[in-house]
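Structure, as structure tokens:
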Amino acid sequence: MKNWIQDRLFFFKLPSIFLIITLFWLILHLNLNQRFQFPTGSDQDTYLEAGKEVVEHGRFIWRAPFYGAWMGLFYFVSGKTLQICFNIEKYFSVLLLGLLVAFLGFRLFDLRTGLLMGIWILNCKYFIIEANGTHAFVGSLFTMSMISLMLENQYARLPLALLSLFMAAQVRIDMWIPFLTFVIITGFFLLKRRIAGRAVNWAFATQSRPHWLICFTIGVVVSVLFTLRPWSIEPQIRSEAFFNNFAVNYVERKNLLDRYPRPWAEVPQILKEALPGTSDTISVIRMYPGEVEAHFLYNLKLFPRALIANFLAFDNSLLMLLVFIFYFGSYIVWKRPDDYLEKWKDISIEVRLQIAASFIAICWIIPMTLAFRVASRYYIPLLPLQLVVTLLMTRVLVNRLGHQN
């Protein structure tokens, strides 16, 4: 991989990304705190209490221990005031994901594309208005894992990427499946290449052992800490999540909002009507297969709209129009039609496979939402993938038009 740190413009480009994205963050979201009520009425209220529990009692919320620790940091900084804690974390999570995605775009493409991706993130409506911060934090950790795969130090790439995905699984339980998927796919390709006699020194060399040891130790330490100091244990969380989401979907697809105006707060009554006599998901599938099918088909119907709205519903459409005009106009002033794959070609085949594996892994979010509930907020961690794919297709188009001209 090309030594991008030695790029003579690198130390100009990196501060430029930080300053420009931060400037847009301030312009767009200076009054972000005014867009939320408090308490939020969402799971974020529980996570705020989890942050308080970490600071005051040293215990971590069972379902999202790392996010509880994350919220504990902001609770401490806020002077132990929950509303200020919520506002600070929301401001910071928006900026963090914007900066990380901008840097990812810079690494994969170039400075202007990275800036476009960062500004795009800051303008994604459903990301901005979502009170539950776990989705944004998972998106940041996922982006960090992809950036780790392109580090100059080849021996640190895979350990850091795995650690980032592992910590994402400590933020949301559903991220265990993407994490394990990435481990299986990456392990399969590494083993296959080694059996074939191809070099995989960057993964197994002596120089990589300190990085593996450090990352493994961090993973073990946090796992033990989270296990020994649990708070709000919820062993049936998957079944409860299914029943809650089924109940809300049931009200929507049956047009029962007049009877159940607050479905999230009326789940027991809804389930008594819709699924009487059930106690777990197995009994639901066995006793009410038709309702399960209707639930899945309803989610499937919502899926395309939610996925597209996740990255194409803008908070400020006029601003994004101007940014797009400036971006595409830059190709008229600064013509480099062949540069869209310049950095990608410089990435080794092993790293390309790992980036592809991370994309495949994160896509597990989609079938999980089809089983539970489809909503744009659940697809926030997919934003980096959606933007990379969209910008890659755009660069291919620009390249072809450049050749034609």
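Both backbone and side-chain heavy atoms feed into the values below; hydrogens, waters and symmetry mates do not.
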Just by distance, with hydrogens left out, do [X] and [Y] show a side-chain donor and acceptor under 3.5 Å apart?
X    : Y    : value
T134 : Y47  : no
S42  : N132 : no
S283 : D280 : yes
Y75  : E53  : no

With F74 via ring pair (Phe, Tyr, Trp, His ring centres under 6.0 Å) - residues at least two apart: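 Expected list: W70, F92.
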Sequence-distant partners of W176, ring pair (Phe, Tyr, Trp, His ring centres under 6.0 Å), two or more places apart: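 Testing W176 for ring pair (Phe, Tyr, Trp, His ring centres under 6.0 Å), a comparison that skips the adjacent residues, returns F166, F179.
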R253 with E291: basic N within carboxylate O range, under 4.0 Å: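 Yes, charged N to carboxylate O under 4.0 Å.
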Ionic contact status for E252 with R373, cut-off 4.0 Å: yes
With sequence neighbours excluded, residues passing side-chain contact (heavy atoms from CB on, under 4.5 Å) with E234: W62, R63, S232, I237
F142 and F359 aromatic ring geometry - parallel, tilted or perpendicular at 30°/60° bounds: tilted
Geometric class of the F137/Y67 ring pair [parallel <30°, tilted 30-60°, perpendicular >60°]: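 Aromatic pair Y67/F137 classed tilted.
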Main-chain N/O of G58 paired to R229 side chain as donor or acceptor, under 3.5 Å: yes
Rounded distance [0.5 Å steps], CZ in F24 versus CG in L115: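 Answer for the CZ-CG pair, F24 versus L115, is 8.5 Å.
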